[in-house]
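Okay, structure first, notes after.
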2 protein chains.
Amino acid sequence: MSRKDNGQSSNGKRARADEASVERPSVGSVTLSDVARLAGVGTTTVSRALNHPDQVAQKTLKKVNQAIELTGYVPNQIAGALASRRSHLIAAIIPSISNTVYAETIKHFSKILRDSGYQVLLGETDYLEDQEETLVRTVLSRKPDGIFFIGINHTAICRRQLLVANIPVVETWDLTKTPLDMVVGFSHEEVGKAIAEYLLEKKISRVGSIWALDHRAQLRRKGFLETLAFHGINSKYVCDVSVPTNFGQGREGLTRLINEGFNGGAVVCSSDTIAHGVLAEAQTRGLRVPEEMAVTGFGDQTFAPFTNPSLTTVKFDRELIGRRAAEVLLARINDEKIEEYIIDVGFEIIERKST
Amino acid sequence: MSRKDNGQSSNGKRARADEASVERPSVGSVTLSDVARLAGVGTTTVSRALNHPDQVAQKTLKKVNQAIELTGYVPNQIAGALASRRSHLIAAIIPSISNTVYAETIKHFSKILRDSGYQVLLGETDYLEDQEETLVRTVLSRKPDGIFFIGINHTAICRRQLLVANIPVVETWDLTKTPLDMVVGFSHEEVGKAIAEYLLEKKISRVGSIWALDHRAQLRRKGFLETLAFHGINSKYVCDVSVPTNFGQGREGLTRLINEGFNGGAVVCSSDTIAHGVLAEAQTRGLRVPEEMAVTGFGDQTFAPFTNPSLTTVKFDRELIGRRAAEVLLARINDEKIEEYIIDVGFEIIERKST
DNA sequence: TCCAAAAATGGTAGCGCTTCCATAAATTTT
DNA sequence: AAAATTTATGGAAGCGCTACCATTTTTGGA
């Protein structure tokens, strides 16, 4: 049961290893030089057979592979990373893993990297800025070859740590003129603006809105309210809710708006989850959607087409963000030319029955 | 822009480093011995100051910490791991990151481990067994100090790899008499049985069911159908759907059952997501729930109380599974005594309006 | 005050791999 | 057939840290 049972046993280098054939590999940790001895080649050759097989003669390659097979050798990437100064690890800093929308981006981000021999080390900030600082420090001590962020807001210390680390960085889900390195996302202010314009087109001017206390949601809020104001509408029914957002906050949010005097028109929500709750609360209160009250969400989550009525929302390609982020990161790691350091993936309003 | 700009610059060991004070640390990679020289102590002492501060004199500790501060030293965990044979890395193998239910377990699992200085390396199998094999091999080459699985089904090769690796393993979300090492979960057959008994108690005997093609769902299916059979009910309306499950499959599933002649009673679903779809499809078809058709789900996801009507489902504590798994893993890593190698966290049926 | 025990510190040898360089083998060229 | 290339290989020096052990310093009792 002790984890040290046989940790050392393999290093009693066998006396006459050149008599390969029948030896039982000592369990625990076969090393590269065990394989080399068995194959009757140098360690360098085994290393090459593993990492640059094209530089090794066919015959030798076969011998080495046999030895690997026979011993059940598993390379020690830690040693490899130390020697080569390449960890083949990418750090991803995200607000929360249990929020599907982030998970979808990460899923595709990881997939592409995995196919290129990289693994992703996940760190959650739980939406806290100072948590991010600690996290980044921890993660940097693993010497990742690159780092991925959801969001573009980092403390000064955090930015400095990243600068010193001198590794490729990709920020996502938002846009900025001054990325740490590269950024893949879309403009949240534009989203807010687009929603406002969409409602204006529909001649809806009594508007309430519910926003998560989250950088990006607040940017959308800003774009939204400013656009309304620009068109002479001063929406006073605005309500903020904490992150992570949930269904209940939608119900509560609508209740608060109504208590403040809001009485129909449109409710704009900073997430589909909130909108879902608003829809439910509306139904409970006998408010007909969209006739008496239109509702919009954000994110086009899988349930959005299936709410009752189906939800008008803002769609953006989470998979694409993940993919593009992985691609540019890989390009930078491999010292390839990058076309664009700022990549806008855009968004669109999906009109359904709730408006 | 090149990542090699200054990778090496720090190693020109400064000639007279004992004149500490004003030197600007060379950017790129300050090493432990840089810190040691600046602090005027040996490398061993710096290492100890970092890892066992209680074994270092207060005065020395202060000098070292100042030097660390001054240089902006970030320990290289890769080197540390190689030397100490402790990676402080835990691998977690899960079917899919974008499935919230798994994410919740991982979230709490990670949290506890992070608090103990471990980081979690995530691997997704996409529900494929052979994918798991590759993944496990890859992940083992990072020399994790422990490994976490969702599920208890592993190929023979996979089991052998784990055995050879000789590290603590915790399997979760299911139960078995013969865990690889430790297991934290509940019996899915019992869940199936419990649902069947619940329906029988309600005198419902016309039953259809929709099951995901997933080990655990199939176990529930087995328990469910066997229990019904035991009570003389032979349910022929059974339908399997692919993983990952989604809303649409619920709609489709109910449609299929109805096309096969199913005409009300109860529909048992292997996930809340499917049940949600069934609910929607029932509404579309004008089937009243629960009067004409009862519906049950599994998982008690956040939306379950808010469907229309609210969903009767099976609840189990995903957070608890994550927490307990982390605890037993840590205990094993630290060579502590483990009370139980098989931990049953149980489940319960949550009755709502859909039945 | 002196000596034994305890506490603090440092030198050094790896951890298992990759990389540099040199050498050896195979191939081509003249 | 010898010289000039090209292709394969291996030795050895680290990568940056920790752990072992030995040594030095401090503490406390007789």
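So you know, we letter chains A, B, ... as the sequences are listed, proteins then strands, and number each from 1.
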Legend entry - Identified stems (criterion: three or more consecutive Watson-Crick or G-U pairs, under 3.5 Å), DNA chain D: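 In DNA chain D, stems of three or more pairs: C:1-30 with D:1-30.
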Please report, rounded to the nearest Å, how far the [atom2] atom of [N] is from the [atom1] atom of [X].
X: A:Arg142; N: D:dC17; atom1: CZ; atom2: C1'; value: 14 Å
X: B:His88; N: D:dC17; atom1: NE2; atom2: P; value: 14 Å
X: A:Leu32; N: D:dG14; atom1: CG; atom2: C1'; value: 16 Å
X: B:Ile78; N: D:dC17; atom1: CD1; atom2: P; value: 11 Å
X: B:Arg86; N: D:dG16; atom1: CZ; atom2: P; value: 24 Å
X: A:Leu82; N: C:dT19; atom1: CG; atom2: P; value: 12 Å
X: A:Arg37; N: D:dG11; atom1: CZ; atom2: C1'; value: 15 Å

Ignoring hydrogens, what is the shortest heavy-atom contact between [X] and [Y]? Give both atom names and the distance.
X: A:Ala91; Y: A:Pro144; result: N-CB, 3.9 Å
X: B:Ile333; Y: B:Pro168; result: CG1-CG, 4.0 Å
X: A:Thr71; Y: A:Val30; result: O-CG2, 3.5 Å

Legend entry - Quiz item: B:Thr44 side-chain donor-acceptor pair to C:dG11 base, under 3.5 Å: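 Flag set: donor-acceptor pair detected.
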Legend entry - B:Asp145 (side chain) donor-acceptor with B:His88 (main chain) under 3.5 angstrom: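 Side chain of B:Asp145 to backbone of B:His88, a donor-acceptor pair under 3.5 Å: yes, one is there.
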Legend entry - Shortest side-chain distance from A:Ser84, nucleotide among D:dG16, C:dT19, D:dA19: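 My answer, after comparing the listed nucleotides, is C:dT19.
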Legend entry - Given D:dG10, C:dG16, D:dC17, the nucleotide with the shortest approach to the side chain of B:Asn76: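 Output: D:dC17.
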Is the count of non-hydrogen atoms from other residues, nucleotides or ligands lying under 6.0 Å from [X] atom [atom1] greater than 12?
X: B:Arg324; atom1: CZ; answer: no
X: B:Ile342; atom1: CD1; answer: yes
X: B:Arg160; atom1: CZ; answer: no

Would you be so kind as to tabulate the donor-acceptor pairs closer than 3.5 Å made by side chains of residues 46-55 of chain B, with sequence neighbours excluded?
unit_1, atom_1, unit_2, atom_2, d
B:Asn51, ND2, B:Ser47, O, 3.2

Inset, instruction - Any chance you could measure A:Ile167, atom CD1, to A:Leu162, atom CG, to the nearest 0.5 Å? - result: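 One finds 7.0 Å between CD1 of A:Ile167 and CG of A:Leu162.
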Side-chain donor-acceptor pairs of residues 121-140 of chain B under 3.5 Å, sequence neighbours excluded:
unit_1, atom_1, unit_2, atom_2, d
B:Glu124, OE2, A:Lys107, NZ, 2.6
B:Glu124, OE2, B:Ile97, N, 3.0
B:Thr125, OG1, B:Tyr127, N, 3.1
B:Asp126, OD1, A:Lys107, NZ, 3.4
B:Tyr127, OH, B:Asn99, ND2, 3.3
B:Glu129, OE2, B:His215, NE2, 3.4
B:Glu132, OE2, B:His154, ND1, 2.6
B:Glu133, OE1, B:Thr155, OG1, 2.7
B:Thr134, OG1, B:Asp130, O, 3.2
B:Thr138, OG1, B:Thr134, O, 2.8

At a cut-off of 3.5 Å, list every protein nitrogen or oxygen paired with a nitrogen or oxygen from nucleotides 22-24 of chain C, distance to 0.1 Å.
none

Legend entry - With A:Phe148, the ring-ring contact (aromatic ring centres under 6.0 Å, His included) member among A:Phe109, A:Tyr118, A:Trp173: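 Answer after filtering A:Phe109, A:Tyr118, A:Trp173: A:Phe109.
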Phosphate-side-chain proximity, [X] and [N], N/O vs OP1/OP2 below 4.0 Å:
X: B:Thr45; N: C:dG10; value: yes
X: A:Arg85; N: D:dG16; value: yes
X: A:Ser47; N: C:dT18; value: yes

Legend entry - Upstream residue (5' side of DNA chain C) when B:Ala79 and A:Arg48 are each assigned their closest nucleotide: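 The answer here is B:Ala79.
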Legend entry - Neighbours of DNA chain C within residues 50-64 of chain B, by heavy-atom distance under 4.0 Å: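 Residues of residues 50-64 of chain B under 4.0 Å from DNA chain C: B:Val56, B:Ala57, B:Thr60.
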Which donor-acceptor pairs under 3.5 Å do the side chains of residues 73-83 of chain B make with protein atoms, sequence neighbours left out?
unit_1, atom_1, unit_2, atom_2, d
B:Asn76, OD1, B:Ile78, N, 2.8
B:Asn76, OD1, B:Ala79, N, 3.1
B:Gln77, NE2, A:Ser141, OG, 2.9

